[in-house]
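By convention in this document, chain letters (A, B, ...) are assigned in the order of the sequence lines, proteins followed by strands, and residues within each chain are numbered from 1. A quick note: this is a predicted structure, and the numbers were derived from the prediction, not measured.
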Amino acid sequence: MSTLLDTLNPEQRAAVTLPHESALILAGAGSGKTRVLTTRIAWLIQTGQVSPHGILAVTFTNKAAKEMLTRISAMLPPSTSLRAGANPRGMWVGTFHGLANRLLRTHWREAGLPQSFQILDSADQLSAIKRLMKALNVDTEKYEPKKLQWFINGNKEAGRRARDADAYDDYSMRLAELYEAYDAQCQREGVADFPELLLRSYELLYRNEPLRQHYQDRFKHILIDEFQDTNTLQYRWLKLFAGPHTVLFAVGDDDQSIYAFRGANTANMAEFEREFAHGNVIKLEQNYRSHGNILTAANTLISQNAHRLGKNLWTAEGEGEPIRVFEAYSDQDEASFVVDEAKALNREGVSFSDMALLYRSNAQSRVLEHALFSAGVAYRVYGGLRFFERQEIKHALAYLRLMTHPEDDGAFLRVVNFPARGIGARTLEQLADTAARSGSSLWQAACTGSGKVAGFAKLIEDIKQATTGLTLAETIDHAIEASGLADYYRADKDGADRLENLNELVNAATLFSEESEDNTLDAFLAHAALEAGEHQAGAGQDALQLMTVHAAKGLEFHTVFITGLEESLFPHEQSAHEENGLEEERRLMYVAITRARRRLYLTHAQSRMLHGQVRYGIPSRFLAELPEQVLLHLNRRAEPSYRSVSEPAPRATPANDTGYRVGQSVAHAKFGTGIIIDFEGRGADARVQVKFRDAGTKWLALAYAKLSPA
DNA sequence: GCCTTTTATTTTTTT
DNA sequence: AATAAAAGGC
């Protein structure tokens with residue numbers, strides 16, 4: 001027992017062994033947050049205060065859930081061991097969405113869903129919305145499908161159905177109407193989008209007293225990780241599980257709240273303190289991860305946010321190395337710098353898997369990947385194009401969905417004519433009419449019809465017949481062949497990759513059957529929707545880790561490269577239009593910095609390929625917000641020293657008599673500093689377009705504007 | 001009705 | 001740059 005607690009500091013120990021009352025743990029980055037959470041679970045079980053059956057632990061990502069299970073089972077004696085994925089002792093550990101799904105699968109009847117209801121991911125949801133708008137003849141110029149999706153999800157995440165939605169003018173009232181129609185369509189087709197999983201299970205427990213009583217009695221302890229990321233609905237969801245005797249243990253860090261864009265509400269922390277913790281708040285401020293300079297940088301940066309609960313991390317470690325700042329000539333130059341440094345570090349003994357290459361948005365990984373590939377450095381990309389979101393996989397999944405749940409019109413439309421079987425727009429219109437008139441699904445209309453459409457229905461039926469009794473993997477394999485998907489991609493000259501991915505899907509199914517206790521097709525389809533990014537080939541190898549800053553939360557590395565530190569990229573220009581957008585970007589930067597244990601690189605490029613053209617950027621304001629004494633500027637030079645061999649020397653700027661060139665930093669008496677992004681005319685007529693750090697982008701006549709090189 | 005070419009649009013972050 | 005929607009030819 002004591003061994004569990006031996007290595008904890010006093011605050012951590014206090015948190016782990018808190019008596020039987022709810023508490024809020026404010027845990028800074030690297031303060032042992034996950035450790036405290038998992039140790040508390042192990043401690044509760046070992047001291048016999050609760051059986052695993054009575055524990056509910058909620059996380060946000062699948063990665064975190066897996067990590068938690070692994071750590072808990074390592075702390076408990078083998079007899080109590082918990083297989084990853086399965087939970088023989090009945091502990092509930094998972095993401096909000098995963099647990100909501102579990103609840104709805106168990107109580108589908110009470111929740112008013114078909115047993116085989118399907119889950120729509122964001123892309124599925126958007127196409128369902130487009131389909132709806134088309135059927136209702138909505139002007140998609142005036143009402144953009146994306147806007148409607150945003151409206152629906154925003155309302156659901158706030159716990160509001162269409163009738164309660166914020167509607168104050170004609171426009172939003174129309175949106176609310178469409179929201180209602182969308183929900184009706186989903187209900188008709190027996191599908192649920194992500195926020196629906198939560199809202200539906202919330203309503204289930206809210207309305208069904210015996211059921212609520214059952215779960216409130218069952219779960220004695222509820223533990224929540226990353227509490228700052230909960231949205232209004234998730235918080236209310238949690239509260240339904242909490243009976244009068246339930247102990248809630250919430251761990252969070254307001255400085256790491258980076259999901260406001262999907263409804264996360266940091267006010268939940270204050271609310272929780274008032275409603276449950278009653279001043280029972282423990283701060284974990286000792287950081288065990290990073291050296292001093294890295295922490296100083298992080299603290300200084302985050303202190304510039306106005307909205308904070310307040311907290312300052314400290315470390316017992318020394319200052320460590322300075323933070324290295326590198327200004328690259330171009331994005332390619334930046335990439336080769338990173339590759340060179342990573343290789344050098346690797347030679348010094350740091351494994352590639354202990355280095356992370358972070359960026360603000362997924363699109364930035366391309367150039368980096370290219371440089372790594374050319375240099376022969378193994379790397380692994382997290383997120384980005386997710387496996388289960390590839391079109392060939394989506395097609396295959398659509399066939400599988402039709403087999404188990406034929407009312408899924410979205411799946412039907414996706415593959416009814418893919419591969420092509422002579423069923424065109426005209427035919428489908430007629431089919432949709434028939435279906436609408438009889439209030440049935442496209443599938444039912446197809447079955448009663450004749451010709452090619454009926455042939456398609458028969459094809460699905462045949463596949464279903466032929467696969468009864470087969471294993472999950474065999475079923476999927478057969479469906480891929482019989483549907484004609486495999487042949488289609490075999491005939492396609494660019495189809496080799498896609499064929500391979502389809503093969504990989506069969507492998508994923510095999511793996512899933514081995515690991516999961518429920519190996520039905522429905523369970524696999526839910527898994528595909530909920531864990532779209534978890535399946536990635538190439539694990540286990542010593543590879544450099546590439547991911548967005550968002551994806552890096554909760555992880556740590558010996559060395560971290562933060563790339564693309566330019567205005568409008570990081571902070572992202574979109575954030576300027578959002579309320580408190582800049583503060584969220586700063587928290588994001590804070591998260592990025594605090595991922596590093598020993599060494600941190602911050603890089604930015606003068607020019608970058610963006611939207612298909614070269615753009616000139618100015619250094620991110622976040623660089624200026626860091627204390628100069630912890631920084632080491634690796635270069636301050638005009639010429640690139642790092643350039644890949646394949647890349648041609650930078651184009652010489654056309655000779656002109658002005659002494660200025662595109663890409664150059666300049667200072668203006670009134671507008672401050674900026675960078676020249678375009679040039680026009682010569683001599684006395686010469687004008688330059690300058691992107692200023694604070695004053696926006698302006699055209700200036702060189703003869704009048706008093707510019708000076710900066 | 002199918003398939004290729006052109007045109008437009010888009011790009012934040014995730015369950 | 002890359003992809004989706006639209007248009008045009010077969």
Side-chain angles (χ1 to χ4, degrees), chain A residues 58-65 94-101 119-127 130 134 140-141 144-146 150 153 156-157 192-199 226 229-231 233-234 257-264 331 358-367 370 382-386 388-389 391 417-430 451-452 492 526-534 547-554 564 568-578 581 584-585 587-589 591-592 608-615:
Chain A
V58 195
T59 64
F60 275 83
T61 64
N62 298 299
K63 215 190 286 176
T95 64
F96 277 104
H97 293 87
L99 295 170
N101 178 52
I119 300 169
L120 303 184
D121 67 17
S122 305
D124 294 335
Q125 184 189 29
L126 187 60
S127 67
K130 284 180 182 164
K134 201 165 189 177
T140 46
E141 300 274 293
E144 291 168 48
K146 279 231 174 98
W150 180 254
N153 289 349
K156 284 191 181 180
E157 275 156 5
D193 55 49
F194 283 142
E196 181 71 25
L197 292 176
L198 281 165
L199 185 52
E226 309 277 16
D229 287 332
T230 50
N231 62 37
L233 178 58
Q234 285 163 335
S257 161
I258 54 175
Y259 285 107
F261 71 93
R262 68 169 195 213
D331 47 354
L358 307 184
Y359 35 80
R360 176 64 179 80
S361 59
N362 281 307
Q364 288 164 250
S365 76
R366 231 185 178 74
V367 180
H370 182 79
Y382 291 82
L385 299 174
R386 293 144 163 264
F388 285 109
E389 287 169 5
Q391 61 147 322
N417 200 32
F418 192 95
R421 8 183 112 80
I423 303 172
R426 204 67 242 286
T427 316
L428 288 177
E429 235 167 72
Q430 287 165 355
K452 291 171 178 169
D492 186 0
H527 163 85
L530 291 170
E531 298 191 28
E534 292 307 294
M547 64 194 88
T548 63
V549 180
H550 281 90
K553 188 158 78 139
S568 85
L569 204 60
F570 198 176
H572 198 277
E573 59 185 338
Q574 208 71 25
S575 68
H577 314 138
E578 283 155 25
E584 174 139 324
E585 293 288 309
R587 288 193 294 269
L588 200 50
M589 182 67 184
V591 168
R608 179 179 300 277
M609 206 58 157
L610 217 64
H611 311 164
Q613 53 187 335
V614 179
R615 301 267 214 102

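For the residue pair A:Q234/A:D229, the side-chain donor-acceptor check at 3.5 Å is not satisfied.
At whole-Å resolution of the value, CG in A:D229 and C1' in B:dT13 are 12 Å apart. For A:L233 and B:dT14, the CG to C1' distance is 16 Å, given to the nearest whole Å. The CG atom of A:N231 sits 12 Å away from the C1' atom of B:dT14 (whole-angstrom rounding). Rounded to whole Å, atom C1' of B:dC2 lies 16 Å from atom CZ of A:R426.
A:R421 pairs by the side chain to side chain donor-acceptor pair (under 3.5 Å) definition with A:Y399, not counting sequence neighbours. Remark: A:D331 engages A:V367, A:R608, A:M609 in a side chain to side chain contact (heavy atoms under 4.5 Å, CB included) (not counting sequence neighbours). Legend: residues meeting side chain to side chain contact (heavy atoms under 4.5 Å, CB included) with A:K130, ordered by chain and number and at least two apart, are A:L126, A:P145.
Of the candidate nucleotides B:dT14, B:dT12, B:dT15, B:dT15 has the atom nearest to the side chain of A:F194. Distances were taken from every side-chain heavy atom of A:A420 (C-beta onward) to each of B:dT15, B:dC3, B:dT13; the shortest belongs to B:dC3. In this structure, of B:dT14, B:dT12, B:dC2, it is B:dT12 that holds the atom nearest to the side chain of A:R360.
Stacking between A:F261 and the base of B:dT13 is present: ring centres sit under 5.5 Å apart and the planes differ by under 30 degrees.
Each of A:K452 and A:A551 lies near DNA chain B, and the nucleotide nearest A:K452 is the one positioned closer to the 5' end.
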Encoded 5' to 3' (Watson-Crick or G-U under 3.5 Å; [ ] crossing; | other strand), DNA chain B becomes ||||||||||.....
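Looking at heavy-atom distances under 4.0 Å, A:F96 makes no contact with the nucleic acid at all. No engagement by A:D121 is indicated, since no non-hydrogen atom pair under 4.0 Å with the nucleic acid exists. Nucleic acid contact class of A:K130 (heavy atoms, under 4.0 Å, all strands): sugar-phosphate only. Within the nucleic acid shown, A:L197 has no heavy atom closer than 4.0 Å to any nucleic acid atom.
Contact annotation: A:N62 does not reach the phosphate of B:dT14 (side-chain N/O to OP1 or OP2, under 4.0 Å). Residue A:N417 has a polar side-chain atom (N or O) positioned under 4.0 Å from OP1 or OP2 of B:dC2.
Ion pairing of A:E157 with A:R262 is absent here, as no side-chain N (NZ or NE/NH1/NH2) approaches a carboxylate O to less than 4.0 Å.
Once rounded to the nearest 0.5 Å, the distance linking NZ of A:K553 with OH of A:Y259 reads 6.0 Å.
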Between the protein and nucleotides 6-11 of chain B, which nitrogen or oxygen pairs come in under 3.5 angstrom?
{"residue": "B:dT11", "atom": "OP2", "partner": "A:K146", "partner atom": "NZ", "Å": "3.2"}

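Protein chain A touches strand DNA chain C; the 5'-most and 3'-most nucleotides with an atom under 4.0 angstrom of its non-hydrogen atoms are C:dA1 to C:dA5.
At a cut-off of 3.5 angstrom, the base of B:dT15 holds at least one donor-acceptor pair with the side chain of A:S122.
Using modelled atom types, one side-chain atom of A:Q364 and one backbone atom of A:S361 make a donor-acceptor pair closer than 3.5 Å.
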